[in-house]
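Both ligands and their constituent atoms are indexed starting at 1 by order of listing. These values consider heavy atoms only, across backbone and side chains, with no hydrogens, waters or symmetry-generated copies.
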Amino acid sequence: MAEMKTYAGACHCGQVRYEAQTDLAQVISCNCSICSKHGLLLTFVSPEQFKPISGADSQTLYQFNKKVIEHLFCPTCGVQSYGTGKGPDGKRMYAINVRCLDGVDLSTLTPMPYNGRDT
Ligand SMILES: [Zn+2]
């Protein structure tokens, strides 16, 4: 099993910074309208595994469709380094953009296709 680690995440310009604890065992590549445009690779963590460091409140909020997910963008560089929303069980989850984490070799991941377009 993959090892649980704390990764540092950030947008491109560095205004938004956070830490996320994950083993990257489940990384999804979703085909919904926004994920496909961003090329997002996502992993989900609980609030206990997510620590905002800076810039969280300065982000631009974008919502569409059922408005259940808060897509957050850095207002300066436009990168969505994470999003947040409530899972089916009502618990808050953070969707981490794996491409924004330091020290992740994307070529070692096997993203799971997720059919978000039709859900
Ligand atoms: Zn930025």
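- A centroid separation of less than 6.0 Å is found between the aromatic rings of Phe50 and Tyr18.
- In summary, the aromatic rings of His71 and Tyr82 are positioned with their centroids too far apart to meet the 6.0 Å limit.
- Heavy atoms from other residues, nucleotides or ligands lying under 6.0 Å from CD of Gln63 number more than 12.
- Contact record, Pro52 with Ala56: CB-CB, 4.1 Å, taken as the closest heavy-atom pair.
- Inside a sphere of radius 2.8 Å centred on the Zn ion (ligand 1), the protein N/O/S atoms present are Cys11 SG, Cys13 SG, Cys74 SG, Cys77 SG.
- Once rounded to the nearest 0.5 Å, the distance linking CD of Gln21 with CE of Met4 reads 5.5 Å.
- Interatomic distance, NZ of Lys5 versus CG of Asp23, reported as 11.0 Å (0.5 Å rounding).
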